[in-house]
Amino acid sequence: MKAVIPAAGLGTRLLPATKAQPKEMLPVYDKPTIQYVIEEALKSGIDDIVVVTGRNKRSIEDHFDKSYELEYTLQKSGKDRVLKQVRKITDLADICYVRQRDLNGLGDAILSAEKHINDDAFAVLLGDSITKGPLCTRGLLDVYERYGKSTISIREVPNPCVDRYGIVSGS
Ligand code: UTP
């Protein structure tokens, strides 16, 4: 199973925090949001990951890439625990990156990964959204495996928020 993680958006709702840094890199406690997202994919049994990036998103690639200078400095100063944490990030998964050229929304971001996915089934995890409790992606995969149909996870939001999110309405 493959995962597509769109992370190319401008994050205008979180300005000015997102002016020069991707919202997917904003930390929750001690990790950037997108690291939680990738860890969720891995824990759910997905290890082939495509991240959709865009302009000003280099720090996402840097975060999951090896940092020789940092590792050397940590090693030299005997900071073994942090060194282990830093190396773990690089070893997390095989991640490849595709670029969304024009920001035409979420659907278009997913379409940017088309060549990598071919006709395979795939999961989409949003690069800026994390969930608590049981693994949401694992739950979606279980439903997909049972019924062989596309599944989507949604969350109830209070009325004043309806113009801030993509909304699914129904009875
Ligand atoms: P959002 O709609 O929350 O992201 O999309 P956004 O466009 O950055 O948000 P605002 O409205 O400007 O604040 C959910 C995920 O889809 C990605 C975003 O990066 C985010 O992780 N996305 C969104 C893309 O990859 N490309 C797009 O064109 C839009």
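Not measured: the values here are computed from a predicted model. As the structure lists them, so they are numbered: ligands from 1, and atoms in each ligand from 1.
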Original post:
Do ligand 1 and Leu103 have nitrogen or oxygen atoms that lie under 3.5 Å from each other?
Top reply: no

**OP:** Give, for atom CD1 of Ile130 and atom CD of Glu40, the distance between the pair rounded to the nearest 0.5 Å.
**Re:** 9.5 Å

Original post:
At what distance is the nearest protein heavy atom to atom 2 (O) of ligand 1, and which residue and atom is it?
Top reply: Arg13 NH2, 3.5 Å

Subject >> Sub-3.5 Å N/O-N/O distance, Leu10 and ligand 1 >> reply: yes

**OP:** Starting from atom 23 (C) of ligand 1, find the nearest protein heavy-atom neighbour and note its residue, name and distance.
**Re:** Gly9 CA, 3.9 Å

Original post:
Got an N/O contact under 3.5 Å between Val52 and ligand 1?
Top reply: no

**OP:** Quick one: look up the protein heavy atom nearest atom 16 (O) of ligand 1 and list residue, atom name and how far away it is.
**Re:** Leu106 CD1, 3.5 Å

**OP:** Using distance alone, decide if ligand 1 has a nitrogen or oxygen within less than 3.5 Å of any nitrogen or oxygen in Gly105.
**Re:** yes

**OP:** Please assess Asp80 against Lys84 for the test salt bridge (Lys or Arg N to Asp or Glu O under 4.0 Å), listing each intermediate value before the final yes or no.
**Re:** CA-CA 6 Å; Asp80 295 337; Lys84 220 170 131 191; over 6 Å; no

Original post:
What is the nearest protein non-hydrogen atom to atom 19 (O) of ligand 1, stated with its residue, atom name and distance?
Top reply: Glu24 OE2, 2.6 Å

Subject >> atom 26 (N) of ligand 1 [closest protein heavy-atom partner, distance rounded to 0.1 Å] >> reply: Gln100 OE1, 2.7 Å

**OP:** Please examine the side chains of Lys43 and Arg138, heavy atoms only from C-beta on, and report whether any two atoms are closer than 4.5 Å.
**Re:** no

**OP:** Compare every heavy atom of Met1 with every heavy atom of Ile46, then report the nearest pair and how far apart it is.
**Re:** CG2-O, 3.5 Å

Subject >> From Ile49, Val50, Ile5, Ile60, residue fulfilling side chain to side chain contact (heavy atoms under 4.5 Å, CB included) relative to Tyr97 >> reply: Ile60

Original post:
Can you find an N or O of Leu126 that's nearer than 3.5 Å to an N or O of ligand 1?
Top reply: no

**OP:** Consider every N or O of Lys57 and every N or O of ligand 1, then say whether any pair is closer than 3.5 Å.
**Re:** no

**OP:** Would you mind checking which non-hydrogen protein atom is closest to atom 8 (O) of ligand 1, with the distance to 0.1 Å?
**Re:** Gly11 N, 2.7 Å

**OP:** Please lay out, stage by stage, how Lys23 and Arg13 fare under the test side chain to side chain contact (heavy atoms under 4.5 Å, CB included).
**Re:** CA-CA 10 Å; Lys23 84 172 147 180; Arg13 279 167 298 178; 3.7 Å; yes

Original post:
Considering only protein heavy atoms, which is closest to atom 6 (P) of ligand 1, and at what distance to one decimal place?
Top reply: Lys23 NZ, 3.5 Å

Original post:
Side chains of Gln100 and Ser112: is there a donor and an acceptor less than 3.5 Å apart?
Top reply: no

Original post:
Against heavy atoms of Ala109, which atoms of ligand 1 measure under 4.0 Å?
Top reply: 24 (C), 25 (O), 26 (N)

Original post:
Any donor and acceptor pair, going by atom type alone, linking the side chain of Tyr36 with main-chain N or O of Val28 inside 3.5 Å?
Top reply: yes

Original post:
atom 5 (O) of ligand 1: which protein heavy atom is closest, and how many Å away?
Top reply: Asp128 OD2, 4.5 Å

Original post:
Which one holds for Ala8 and ligand 1: side chain close, backbone close, both close, or neither close, with close meaning a heavy atom under 4.0 Å?
Top reply: both

Subject >> Distance filter under 4.0 Å to Thr12 heavy atoms, resulting ligand 1 atoms >> reply: 10 (P), 11 (O), 12 (O), 13 (O)

Original post:
Taking all non-hydrogen atoms of both residues, which atom of Arg99 and which atom of Arg55 are closest, and how far apart?
Top reply: NH2-CG, 3.3 Å

Original post:
What closest approach, in Å, do Gly127 and Val37 show between heavy atoms, and which atom pair accounts for it?
Top reply: O-CG2, 4.0 Å

**OP:** Return yes if some donor-acceptor pair links the side-chain N/O of Thr151 with the main-chain N/O of Val143 below 3.5 Å, else return no.
**Re:** no

